[in-house]
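Here the structure comes first, spelled out in structure tokens, and everything after it is commentary.
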Amino acid sequence: MSNYIVLVKQVPDVTQITDNAFDPETGTLIRTRLASVINELDTQALAFANQMQQISPEKDGKIVALTMGPPMAEEVLRYCLSRCADTVVLLTDRALGGADTWATANPLAFSIRKIVKEIFNEDQNYYVVSGMQSVDGDTAQVPPQIAEELSLPCIAYATGAEYKNGRFEFTRIISGGSQVVTPKKAPAVITVAKHEYPLFATFAATRRANRMEVIQWASGDIKAKHIGVKGSKTSVIRVFPPGKSTRKCQQLADAKILAGLLVDSFKTASSAEPSGNGQKSRYILPSLREDKFDRSFEGTEKENQDFKLLSDALKQLGITELSQIDEDIRKEILAAAGGRFHKKALEDMLDGLQLTKPSYKGEVWVVAEHSDGTIHPATFELIGKSSELADSLQTKVGLCLAGYNLAESTTKELIAAGADNIYLIEDAMLSEFDPTAHRKVVADAISTYWPQIVLFAATPQGRMLAPMVSYRVGCGLTADCTSLDIRDSSRKGQIAILLQTRPALGGNVMATICTKNSKSQMATARPGVMKGLAPDYSRTGKIIRHKVELSETDIRLQIVKTELGTGEVNFGAEVIVSGGKGMQSRDNYERLVGLLCQALAKKLDTQIEKGASRAAVEQGFAERIHQVGQTGTAVGPKLYIALGISGAIQHMIGVANTDTIIAVNSDPNAPIFKQCDYYIVGNIEDTVPQLVRALQAE
Ligand SMILES: Cc1cc2nc3c(=O)[nH]c(=O)nc-3n(C[C@H](O)[C@H](O)[C@H](O)COP(=O)(O)OP(=O)(O)OC[C@H]3O[C@@H](n4cnc5c(N)ncnc54)[C@H](O)[C@@H]3O)c2cc1C
């Protein structure tokens, strides 16, 4: 009999974000202005666990819902009780507040241990089920970190479960396709990416739920080791509104106008530069700066201004050495600053000026992602970014490559892309991606060589591996970065640290984060944002073989089936026409996308390729090889035409580098309209033939 622990979280309702939810002065979101709701994916996880219970032969397993939060988080537990939970546990304590994912996973894992001991009577046949991520953090880090703390296998991005041959088999999303896997034995952690069978509460069940006991534990009850702000390994240094979209977001009245604009956009398009690299001035280490008082690379604008004021004041007073600064000079500086900073702040800044040694040492590493030796494009993008960071830090780019029987051409390709040292870990047990085995070898290499920065691609694989690895080596991790910069925080005694900037709250705010209490700074970075370098096959690099002992017990998952896209597709084409679930049928997809491709090829005299959303692929409208997006291919054509595609983040990540995005959607509130250049609100069945006729008439 299996038992289930479902992790649920209370989150701000980001679907209700309006302008008045933002502070007019700072532009940041005021969370108290939003209602609190249960995280949508956690409701799906609850339904998923319920389905697991129903399909297993012994249906009397317990479902325990667990949440960590303030006392009001009890509401989400009542939601669970009114659906299918037998018991609920609220972990609540002020000491747990302000935690990052590290200090969230740790107490949750300790609570799970207590649930297993006290509620399941030490029965180890259990599954931890949670939503893939929460809408406020969007990191997807907590469940794999819990798996690491509890030494359990983790199956992330599950979309289905079946009970076959006396065990559960889970379908999960992977880069380029899907996979069916089964844990060799329970317990295991499962994260749910999609489960479309919601549970509803009856009136009687809601009344019963309101009367049931909510078990409350405080931090002392679970004896977790890392909690709250103190136990965290990252800190947010700045929250700011996202930059305005550079897309035009212009609605067009009809297909005729669209046809004209489409042709013009194609003719005037230039290859768009990805925005992730080098938009700020390149960092220079303090010891290499011409002026020893130059502190123009601080983390925040305010710090930069303060140091500029200080350095100007020092120059005016004729100070050339810090040793010349006595009490009188300090008073003069404070007077010159006009009350801008206090005495203590000045002391901190003067201490900061003494520092020239970087806070971290070691190489900048990328953990490579590959499928049978074919390197994922995001790895090349990260090598490009790492070269820039390593240049600033006067260090080398290391590449951690784990697999089996990898061809020499693969390592040559990585060196040509910018890697200086390749840390190669080969073992027959690494031939397929098993998170438990891979995290062991990657963590072992990191804790042998201690690079100062480690980057992973924010693909499903990277987003699962990175949290396990970082937790194992005791380092902080920031998810889904869209910008990475080296900066100082001299006042806090930090030199040449990695500033990790990422969207949060569904992209409604941006947060800049830095690592603390860690030997290495780790981040995952969004595919398609950073830029790879042009390959240089004259480059030389070193291959350093790293051996890690692996045994059968390190392989915790059995792969039952992998489905990957096959065939040929030319995503280098200048125009891509993609169809989504809104195409309604395979016939519509083939007919309407085909018609538009033909008309465009004739009109623009260029190659046109067909694309599809993941939902269209899952519906069988298009082959998997045509999927565009986070787990498909990232494209960057001159024109991208999205037909019946809603604009989910995982799709739009894959088209970020497109010159002009055009959308046709029947829903006037489709999210894609806020992320495209031109759009028509209309049915594809009417609009596409009209557009084809207009192109033919042009
Ligand atoms: C880990 C992970 C990775 C993922 N990777 C990818 C990825 O690589 N690529 C990807 O695309 N998705 C990916 N997804 C899925 C993604 O979250 C969305 O579910 C998916 O992109 C939705 O596809 P869609 O827009 O076609 O479908 P829907 O979201 O269902 O949207 C269909 C749209 O069609 C419109 N429509 C309906 N009928 C018509 C009509 N007659 N005429 C015009 N419009 C109509 C609707 O208004 C709606 O906006 C991933 C998800 C996860 C969890």
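One is the number of the first residue; the rest follow in order along the sequence. Small disclaimer: the values here were computed from a predicted structure and weren't measured. In listed order, ligands and their atoms are each counted from 1.
For N683, heavy-atom contacts with ligand 1 shorter than 4.0 Å involve the backbone as well as the side chain. For K194, no heavy-atom contact with ligand 1 is shorter than 4.0 Å. In V628, the part holding a heavy atom less than 4.0 Å from any atom of ligand 1 is the backbone. Contact annotation: for A648 versus ligand 1, heavy atoms closer than 4.0 Å belong to the side chain alone.
Atom numbering of ligand 1 starts at 1 in the shown order; those under 4.0 Å from a heavy atom of I645 are 25 (O). Listed by number with element, the atoms of ligand 1 under 4.0 Å from a non-hydrogen atom of H651 are 10 (C), 11 (O), 21 (O). Within ligand 1, the atoms closer than 4.0 Å to a non-hydrogen atom of A193 are 53 (C), numbered from 1 in the order shown. Atoms of ligand 1 found under 4.0 Å from any heavy atom of G632, numbered from 1 in the order shown, are 8 (O). Near G582, with a cut-off below 4.0 Å to any heavy atom, the atoms of ligand 1 are 32 (C), 34 (O), 36 (N), 37 (C), 38 (N), 39 (C), 40 (C), 41 (N), 45 (C). Of all the atoms in ligand 1, the ones that sit under 4.0 Å from a non-hydrogen atom of G580 are 26 (O). Close approach of ligand 1 to G644 is summarised as follows: ligand atoms under 4.0 Å from at least one heavy atom of the residue are 26 (O), 32 (C), 33 (C), 34 (O), 44 (N). Heavy-atom contacts of M132 reach the following atoms of ligand 1: 53 (C) (cutoff under 4.0 Å).
Between Y640 and H651, the ring-plane angle classifies as tilted under the 30° and 60° cut-offs. Ring orientation note: the planes of Y679 and F673 are close to parallel, at an angle under 30° on the 30°/60° scale. Ring-plane geometry between F433 and H438 is classed as tilted, the angle between the planes lying from 30 to 60 degrees on a 0 to 90 degree scale. Under the 30°/60° scheme for interplanar angles, the aromatic rings of F48 and H195 are found to stand perpendicular.
In this structure, atom 19 (O) of ligand 1 has no protein heavy-atom contact shorter than 4.0 Å.
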Criterion side-chain contact (heavy atoms from CB on, under 4.5 Å) on T159 and I173, from CA distance to verdict: CA-CA 7 Å; T159 54; I173 294 174; 3.8 Å; yes
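Scanning K581, M583, E618 for the heavy atom closest to atom 27 (O) of ligand 1 points to K581. The nearest non-hydrogen atom to atom 12 (N) of ligand 1, considering only Q133, R614, E685, comes from R614.
The minimum heavy-atom distance linking P143 with S130 is given by the pair CG-OG, 3.2 Å.
Using modelled atom types and a 3.5 Å distance limit, the side chains of Q145 and E149 yield no donor-acceptor pair. Looking only at atom types and distance, the side chain of D587 has no donor-acceptor partner in the side chain of S585 under 3.5 Å away. Between the side chains of R502 and T478, no donor-acceptor pair of N or O atoms lies under 3.5 Å. Neither side chain, E169 nor T182, offers a donor N or O lying under 3.5 Å from an acceptor on the other.
To the nearest 0.5 Å, the span separating CZ on R83 from CD1 on I63 amounts to 13.0 Å.
Of all protein heavy atoms, the one lying nearest to atom 24 (P) of ligand 1 is S613 OG, 3.5 Å. Looking at atom 22 (C) of ligand 1, its nearest protein heavy atom turns out to be A615 CB, 3.8 Å. Looking only at heavy atoms of the protein, atom 38 (N) of ligand 1 is closest to Q584 NE2, 2.9 Å. Counting only heavy atoms of the protein, atom 49 (O) of ligand 1 lies nearest to N665 ND2, 2.9 Å. Nearest to atom 43 (C) of ligand 1 among the protein's heavy atoms is S666 N, 3.4 Å. The single protein non-hydrogen atom nearest to atom 42 (N) of ligand 1 is I684 N, 3.0 Å, given as residue, atom name and distance. Of all protein heavy atoms, the one lying nearest to atom 28 (P) of ligand 1 is S646 OG, 3.7 Å. Scanning the protein heavy atoms around atom 5 (N) of ligand 1, the nearest turns out to be T631 OG1, 2.6 Å.
Comment: E623 engages R586 in a salt bridge, judged by a side-chain N to carboxylate O separation of less than 4.0 angstrom.
Residue K256 qualifies as open at atom NZ: its count of foreign heavy atoms under 6.0 Å is 12 or below. Residue Q607 qualifies as open at atom CD: its count of foreign heavy atoms under 6.0 Å is 12 or below.
In this structure, G682 has a heavy atom closer than 4.0 Å to ligand 1.
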